[in-house]
Amino acid sequence: MIRAWGITDKGAVRAQNQDSYYLKPLGESLVVAVVCDGMGGAKAGNVASSLAVEVASDYLENLPPEELLRTPGEHLTQAAALANDAVFHKASREPECRGMGTTMVAAVVGREKAQVLNIGDSRAYHIGEEGISKVTRDHSLVEDLVHRGDITPEQARQHPQKNLITRALGSESRSRTDLYEVELDQEEFLLLCTDGLSNTLTDQEMLYEVLHGGTPESCCQRMLDVAMSRGAPDNVTAVLIQIA
């Protein structure tokens, strides 16, 4: 059995929530999740993220579950490509949406493994008794600096350009996404989140809340509460999926 929970909030500073997410169980042994963080101004960021979630989730939800489980990576890639087309063409046609884009982290989760797609700096984490590990690699200037060894992960958290991403859905005519496969044992978790959460809580704090902070059902709310207690300068979205 797979259980899942999600939450999104505009945070303590922003006037509008430009994050969007979709989370749906498709039977007892299949969950689909999509998380997006929009960018491009007061109106356009919200348009980009909600449109990308709508298009991607519509494609994934209408596939036969057995087909989705057979080739999840192909279908996640196609869902992202369709979302990219929708955002890119809307930005091209409508002046108020020009330049908009969105991150995306999406997952198809079965009983023993998950396929994860990402573009931008929204993240997926694998969490279990052995600890927490980041599944995805951010498409960001700061992540590139960390990868080259120019700065440490700790320095990256305080870097003045940590929000500058190098890839986004809708910014180009074709999407450039990455795929990852994660083995999931019983009682392990997959956490999808926007940078409003990962920039406010450390990996170890997220690990603590998921495993030790209370029930899984209340975990997303607890992490949001911690972010809010620290000023939550950005929108916050978290989706938690558990192999029960």
Side-chain angles (χ1 to χ4, degrees), residues 6 8-11 13-24 32-63 73-108 116-124 136-144 160-180 192-199 232-239:
T8 189
D9 193 275
K10 68 182 180 65
V13 175
R14 300 290 179 89
Q16 183 186 55
N17 190 354
Q18 297 191 346
D19 288 357
S20 297
Y21 83 94
Y22 165 90
L23 176 63
K24 187 165 185 178
V32 175
V34 182
V35 172
C36 289
D37 179 359
M39 64 204 74
K43 176 183 177 183
N46 180 57
V47 171
S49 65
S50 59
L51 179 58
V53 166
E54 178 186 352
V55 171
S57 63
D58 184 65
Y59 171 78
L60 294 168
E61 186 177 334
N62 284 289
L63 289 167
E74 292 180 16
H75 290 302
L76 283 170
T77 301
Q78 178 64 12
L82 292 170
N84 187 83
D85 288 346
V87 175
F88 181 80
H89 289 303
K90 190 173 184 68
S92 300
R93 291 193 309 266
E94 301 182 18
E96 65 272 22
C97 293
R98 188 166 295 134
M100 72 177 181
T102 182
T103 70
M104 177 182 284
V105 60
V108 174
V116 178
L117 173 145
N118 92 299
I119 181 169
D121 62 356
S122 293
R123 294 179 175 179
T136 52
R137 179 182 168 187
D138 296 352
H139 301 125
S140 68
L141 174 65
V142 166
E143 185 81 351
D144 291 343
Q161 293 179 303
K162 65 182 179 181
N163 294 323
L164 182 58
I165 65 173
T166 54
R167 292 192 215 169
L169 280 185
S171 61
E172 300 176 348
S173 60
R174 298 182 67 179
S175 57
R176 294 181 294 140
T177 55
D178 291 339
L179 284 173
Y180 305 85
L192 310 182
C193 65
T194 58
D195 66 340
L197 184 72
S198 58
N199 283 341
D234 200 355
N235 308 146
V236 178
T237 300
V239 167

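Position 1 is the first residue of the sequence; numbering continues from there.
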**Student:** Is there a donor-acceptor pair under 3.5 Å between the side chain of Ser140 and the backbone N or O of Leu164?
**Tutor:** no

**Student:** Could you give the distance from OG (Ser175) to CG (Leu169), rounded to the nearest 0.5 Å?
**Tutor:** 6.0 Å

**Student:** For Asp58, check salt bridge (Lys or Arg N to Asp or Glu O under 4.0 Å) against everything at least two apart and list the hits.
**Tutor:** none

**Student:** Test of understanding: with side-chain contact (heavy atoms from CB on, under 4.5 Å), list the residues that count as partners of Ala106, not counting sequence neighbours.
**Tutor:** Val34, Leu76, Met104

**Student:** Does the side chain of Glu61 come under 3.5 Å of the side chain of Tyr22 through a donor N or O and an acceptor N or O?
**Tutor:** yes

**Student:** Which residues satisfy the side-chain contact (heavy atoms from CB on, under 4.5 Å) test with Arg93, sequence neighbours excluded?
**Tutor:** His89, Lys90

**Student:** My understanding is that only residues two or more places apart in sequence, or in another chain, count here; which of them pass side-chain hydrogen bond (donor to acceptor under 3.5 Å, both in side chains) with Asn235?
**Tutor:**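 Scan of Asn235 (side-chain hydrogen bond (donor to acceptor under 3.5 Å, both in side chains), adjacent residues dropped) gives none.
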
**Student:** Just to verify, what does Lys10 make a salt bridge (Lys or Arg N to Asp or Glu O under 4.0 Å) with, not counting sequence neighbours?
**Tutor:**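 Applying salt bridge (Lys or Arg N to Asp or Glu O under 4.0 Å) to Lys10 gives none.
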
**Student:** Sequence neighbours left out, what passes salt bridge (Lys or Arg N to Asp or Glu O under 4.0 Å) with Glu74? Give chain and number order.
**Tutor:**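 Glu74: no salt bridge (Lys or Arg N to Asp or Glu O under 4.0 Å) contacts found.
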
**Student:** So do Leu60 and Gln78 actually touch side chain to side chain, heavy atoms under 4.5 Å?
**Tutor:**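 Not touching, per the 4.5 Å side-chain cut-off.
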
**Student:** Could you tell me which residues satisfy side-chain contact (heavy atoms from CB on, under 4.5 Å) with Ala107, sequence neighbours excluded, listed by chain and number?
**Tutor:** Val109, Val116, Leu190, Leu192

**Student:** Report the residues that fulfil side-chain hydrogen bond (donor to acceptor under 3.5 Å, both in side chains) with Thr237, sequence neighbours left out, ordered by chain and then residue number.
**Tutor:** Thr8, Asp19

**Student:** Could you pull out all residues at least two apart from Glu96 that satisfy side-chain contact (heavy atoms from CB on, under 4.5 Å)?
**Tutor:** Lys43, Glu94

**Student:** With rounding to the nearest 0.5 Å, note down the distance linking CG in Leu117 to OG1 in Thr177.
**Tutor:** 4.0 Å

**Student:** Tyr180: what forms a side-chain hydrogen bond (donor to acceptor under 3.5 Å, both in side chains) with it, not counting sequence neighbours?
**Tutor:** none

**Student:** Going by the rule side-chain hydrogen bond (donor to acceptor under 3.5 Å, both in side chains), which residues pair with Asp9 if we only count those two or more places apart in sequence or in a different chain?
**Tutor:** none

**Student:** Considering non-hydrogen atoms only, spot the tightest contact between Gly170 and Asn84 and give its length.
**Tutor:** N-OD1, 2.7 Å

**Student:** How would you list, by chain and number, every residue that makes a salt bridge (Lys or Arg N to Asp or Glu O under 4.0 Å) with Arg98, sequence neighbours excluded?
**Tutor:** none

**Student:** Would you say the side-chain atoms of Arg167 pair up with the backbone N or O of Arg176, donor to acceptor, closer than 3.5 Å?
**Tutor:** yes

